[in-house]
Amino acid sequence: MADSVDRVFVHALNTVKKIPKTGASRPPPSDRLRLYGLYKQAMEGDVDGVMARPSAASSSGSFTSEEIQRERDKWDAWNSQKGLTRTEAKKRYIEALIDTMHRYATTPDAEELVSELEFVWNQIRNNSPSSSASSPQNSPPSRRFRQPVAGTDGPMKVLSPMSEQDEAELRSHRQMDLQDDDEEEDDASSIRWQRKVERAITSLSAEVAALREQISSGREWRSRIEKSWPAWFGRMALLVVKHILADALLLALVLLWMRRRKDRRLEDLVRAGLKLMREYARKVLPSR
């Protein structure tokens, strides 16, 4: 049942990706937050073991109050599903998505998407294993041990004479039966292998979807931090330091080259400049 739920869950995620192309109206924030919380619970489990509740202190002043409140609402929506298993969260996500699309999917394309998703989900939900046990009346009569007839050692097996052709035909039939059994075993093993591959592909698709979500959220968070004022000032300060170091290295190379040519003009100018800077620093800075 869990594998079937995983397949329908992946189908639901693909349906969500196709919704913006249908022109359907967007659900209100409450419904979107509910779907977000169920999705994160289905993919990553409880929020306590993943991240703390966003706050103004954790954002380092790089986000506005509205952005922080939006992140808090997402965290609260995720935390409201705490305790649900991943399979149960996937079931509730599928049902919530179908209910939301029924209310807000007004275009023909969106209605077709929700109808297809609902049909697949109903097939999985109603697919309960049926009882294959037969009634006692239809069961074959049980074999009981019969007492041997008096004067005999027990029930005797009737043997009929067989020709060599009959024996060869009987052996060929038995060999064919054995080959059929081997083919059935091969078919069963191939079916089991195919099911294992399908389960692996389903779990891999779910993990890829979760990884894409984490990558997109991480990129969005990083872009916000890079566009903040502290990050801009940090980049400018680093650029200035790099220029100063490059100029100092270039000046040192020029001084060495001129000293080899026994030209001290630039060196004298540098010394005079450093002397002026020391005197200025002594006048400006308080004496210790």
Value for CZ (R265) from CE (M258), rounded to nearest 0.5 Å, stands at 5.5 Å
Just how far is it from atom CH2 of W75 to atom OG of S80, taken to the nearest 0.5 Å? 10.0 Å
In terms of side-chain geometry, is the basic nitrogen of R103 or D31 positioned less than 4.0 Å from the acidic oxygen of its partner? yes
Connected via hydrophobic side-chain network under 4.5 Å: F233 and M236: yes
Only pairs at least two apart or in different chains count here, so list each side chain to side chain donor-acceptor pair (under 3.5 Å) that has a residue in residues 110-120. H102-E118
Taking the side chain as every heavy atom from C-beta outward, state whether W78 and M51 have any atom pair closer than 4.5 Å. yes
Do V16 and Y39 have side-chain heavy atoms sitting under 4.5 Å apart? no
Let me check something: do V120 and I98 share a hydrophobic cluster, defined by ILVMFWY side-chain heavy atoms less than 4.5 Å apart, either directly or through other members? yes
Any salt bridge linking E88 with R92? Criterion: basic side-chain nitrogen under 4.0 Å from a carboxylate oxygen. yes
Over 12 foreign heavy atoms within 6.0 Å of CD, E279: yes
Under 3.5 Å donor-acceptor, R32 side chain and P27 backbone: yes
same_hphob_cluster(Y93, L33) at 4.5 Å side-chain heavy-atom cutoff: no
Would you check if the side chain of N79 reaches a backbone N or O of V47 as a donor-acceptor pair within less than 3.5 Å? no
Establish whether L117 and V10 are linked, either directly or via other cluster members, by ILVMFWY side-chain heavy-atom contacts under 4.5 Å. no
Reported CZ-to-CG distance for the pair R34 and L97, which is rounded to 0.5 angstrom: 10.5 Å
Report the distance from atom CG of D99 to atom CD1 of I94, rounding to the nearest 0.5 Å. 14.0 Å
Any pair with a residue in residues 73-84 that passes salt bridge (charged side-chain N to carboxylate O under 4.0 Å, His left out), sequence neighbours left out, goes on the list, sorted by first then second residue, please. D48-K82, R53-D76
Side-chain touch T15/H11, heavy atoms, less than 4.5 angstrom: yes
Going only through I, L, V, M, F, W and Y residues with side-chain contacts under 4.5 Å, is there a path from F9 to I124? yes
Hits for side chain to side chain contact (heavy atoms under 4.5 Å, CB included) against L251, two or more places apart or cross-chain, chain-then-number order -> L255, L266, V270
Of the non-hydrogen atoms in L84 and Q41, which two are nearest, and what is the gap between them? O-NE2, 3.0 Å
Let me confirm one number: the CG-CG distance from L113 to N14, rounded to the nearest 0.5 Å. 10.5 Å
Atom pair CH2/OG of W121 and S4 - distance to nearest 0.5 Å: 9.0 Å
For the student: nearest non-hydrogen atoms of V5 and T87, plus distance: CG1-O, 4.1 Å
When every non-hydrogen atom of A89 is compared with those of L38, the smallest separation belongs to CB-O, 3.9 Å
CA sep, side-chain torsions, deciding dist, call: I19, M101, side chain to side chain contact (heavy atoms under 4.5 Å, CB included): CA-CA 9 Å; I19 289 177; M101 290 183 68; 3.8 Å; yes
